[in-house]
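A quick write-up on the structure given underneath.
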Amino acid sequence: MNGRTVLLINPWIHDFAAYDLWARPLGLLILGSVLRMNGCRVVLVDCLGARGHTRMRPGGHGRFRRSIIPKPGVLARVPRHYARYGMAPEDFVAALREAPRPDAVLVTSMMTYWYPGVFEAIRLVRDHLAGVPVILGGVYATLCAEHARQFSGADHVLTHQGERSLPLLLGELWGEDPAFTPSPDDLDALPYPCFDLANALDAVAIRAGRGCPYGCTYCASRFLCGGQRLRDPRAVAEEIGFWRRARGVRDFAFYDDALLTPRDHCLALLEAIIKEELDVRFHCPNGLHAREIDHETAGLMRRAGFVTIRLGLETADPCRQRSTGGKVTGDEFVRAVTSLRRAGYDPGGIGAYILCGLPGQDAREARDAVRFVEAQGARPRLCEYSPIPHTRDWPQAVAASPFPIETEPLFHNNTLLPCRSDRFTLEDYEEIKRGLNTR
Ligand code: B12
């Protein structure tokens with residue numbers, strides 16, 4: 001594959017709201033590095049990169065550039081602005097023109113309901129790079145594969161992890177044998193993501209493992225990633241050290257589905273990071289498993305440089321905790337918060353995610369969870385439930401939702417509270433949220 005050029009595209013977000021909470025196209029950049037190992041030249045157009053922001057805060061999160069666009073027809077009655085988040089389309093076209101003509105274009109995708117931004121990118125690639133094969137992959141492409149095949153305009157849709165399947169497909173298209181087709185199960189064999197292509201390296205996303213030992217009914221991790229696999233903790237610490245020393249990166253966001261599980265891996269990771277003496281900050285925008293946090297873990301997290309802590313509580317109702325997968329109990333949550341506070345964390349900085357609008361859920365349950373979190377001194381963070389195909393809750397979500405979520409992924413948008421009902425209305429949600437904002 002020597003001499004081949006591949007263009008990676010991280011498309012826009014089309015949504016009612018979006019804020020950059022350390023959102024980086026980690027999967028796409030790992031694939032870019034795999035293709036480099038195969039001799040390809042790799043170029044990146046990141047709609048959500050430096051040119052896609054109006055304001056970046058120190059620490060690597062910030063405001064995306066926003067332009068209001070017409071709502072897709074099916075969302076016409078939603079009384080909110082709809083916008084394209086990320087770089088101006090003119091800049092996107094200019095970037096396509098400036099890049100060397102590629103032998104293939106790879107487009108990634110994240111949330112299922114963000115597909116219009118993906119389609120827009122593919123349309124522009126088709127207009128400006130006629131004849132170049134376009135391959136689509138990522139979370140939307142995996143969760144809504146048929147929808148993507150039918151409507152995206154891509155030549156090929158690859159589902160699930162692409163480390164092996166992508167070089168094999170490109171090999172077929174180009175009539176060449178790829179030299180490097182790593183298994184996505186052997187995480188220590190994978191190269192570092194090609195973050196060097198990003199024009200502002202203000203934060204790096206990292207994973208110490210993939211998958212999760214739990215199988216929560218509302219979560220698609222099992223379908224997307226398979227069972228849990230772990231990286232060698234020393235290799236993770238070395239990677240962090242590499243970005244810190246070679247590129248001066250101070251902020252890192254962990255994208256793990258289950259960073260703190262199992263305990264011995266987590267302790268080894270924290271100790272390996274501390275040993276590197278790096279002066280870095282870690283952010284965990286994806287919820288952590290509170291069950292694993294005790295006096296020892298909390299102390300090590302503090303020493304290692306963990307600053308943004310979000311715990312995945314979801315609900316304080318013991319029945320719901322058990323029936324959705326049993327990942328945490330109220331007592332374990334209390335112990336986690338107490339341990340974090342003893343380790344020196346400011347209670348207001350300990351966020352706890354609370355799921356709102358699960359199929360059949362009563363608003364009272366979310367209100368109780370808010371009170372429970374506040375009683376521990378932590379900060380409730382509401383998360384509107386997004387129904388996800390291939391999860392165990394999906395059939396119930398389809399039955400409960402007033403929207404046709406089975407045929408139209410736009411209705412998975414969490415902003416709509418897609419499984420709202422008389423027992424949990426949008427007004428209930430707004431009222432709970434207002435209550436938090438006024439405190
Ligand atoms: C990290 C993460 C986040 C980060 C942001 C990530 C980002 N880049 O923007 C944060 C914490 C901010 C976040 C927020 C949310 N998230 Co989230 N998140 C994840 C998580 C845990 C990992 C995604 C990831 O980056 N993986 C890392 C890389 C290695 O994998 P990857 O990108 O998928 O890439 C691989 C493959 O997909 C494929 N691939 C990728 N691109 C391409 C391209 C080609 C051409 C090919 C061939 C292959 C390919 O190969 C790659 C390598 O193997 C997933 C769960 C999961 N396990 O996927 C949920 C997940 C995507 N999130 C989800 C949800 C629900 C949310 C929230 C709505 C939660 C909420 N209610 O607030 C918010 C919404 C954010 C918003 N702004 O609206 C859902 C999806 C919902 C949906 N309908 O699509 C998921 C699946 C979790 C779940 N509950 O099941 N999230």
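Both counts, for ligands and for their atoms, begin at 1 and track the order of listing.
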Would you indicate which of Leu166, Leu31, Leu21 comes nearest to atom 48 (C) of ligand 1 when only heavy atoms are counted?
->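 Closest candidate by heavy-atom distance is Leu31.
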
Can you tell me which portion of [X] lies within the under-4.0 Å heavy-atom range of ligand 1? Options are side chain, backbone, both, or neither.
X: Glu163; value: side chain
X: Ala220; value: both
X: Trp114; value: side chain
X: Asn286; value: both
X: Tyr385; value: neither
X: Arg210; value: side chain
X: Ser386; value: side chain
X: His160; value: backbone
X: Asn414; value: side chain

Nearest protein heavy atom to atom 59 (C) of ligand 1: under 4.0 Å?
->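 Neighbour list for atom 59 (C) of ligand 1 is empty of protein heavy atoms (cut-off 4.0 Å).
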
For the ring-ring contact (aromatic ring centres under 6.0 Å, His included) test, which of Trp114, Tyr85, Tyr115, Phe92 pairs with Trp12?
->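 Result: among Trp114, Tyr85, Tyr115, Phe92, Phe92 is the only option passing the ring-ring contact (aromatic ring centres under 6.0 Å, His included) with Trp12.
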
So, does [X] use its side chain to make a donor-acceptor pair with the main chain of [Y] at under 3.5 Å?
X: Thr108; Y: Leu28; value: no
X: Trp22; Y: Gly59; value: yes
X: Arg207; Y: Tyr255; value: yes

Just need the protein heavy atom nearest to [atom], so name the residue and atom and give the distance.
atom: atom 34 (O) of ligand 1; value: Gly27 CA, 3.3 Å
atom: atom 79 (C) of ligand 1; value: Ile388 CD1, 3.7 Å
atom: atom 24 (C) of ligand 1; value: Tyr255 CD2, 3.9 Å
atom: atom 69 (C) of ligand 1; value: Cys383 SG, 4.6 Å

Compute whether any side-chain donor of one residue and acceptor of the other, for Tyr214 and Arg291, lie under 3.5 angstrom apart.
->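 Judged by distance alone, the side chains do pair up.
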
Would you kindly say whether His412 and Thr112 are connected by a side-chain donor-acceptor distance under 3.5 Å?
->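 Yes, a side-chain donor-acceptor pair sits under 3.5 Å.
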
Just which atoms of ligand 1 are under 4.0 Å from any heavy atom in Leu158?
->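 Near Leu158, the atoms of ligand 1 are 47 (C).
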
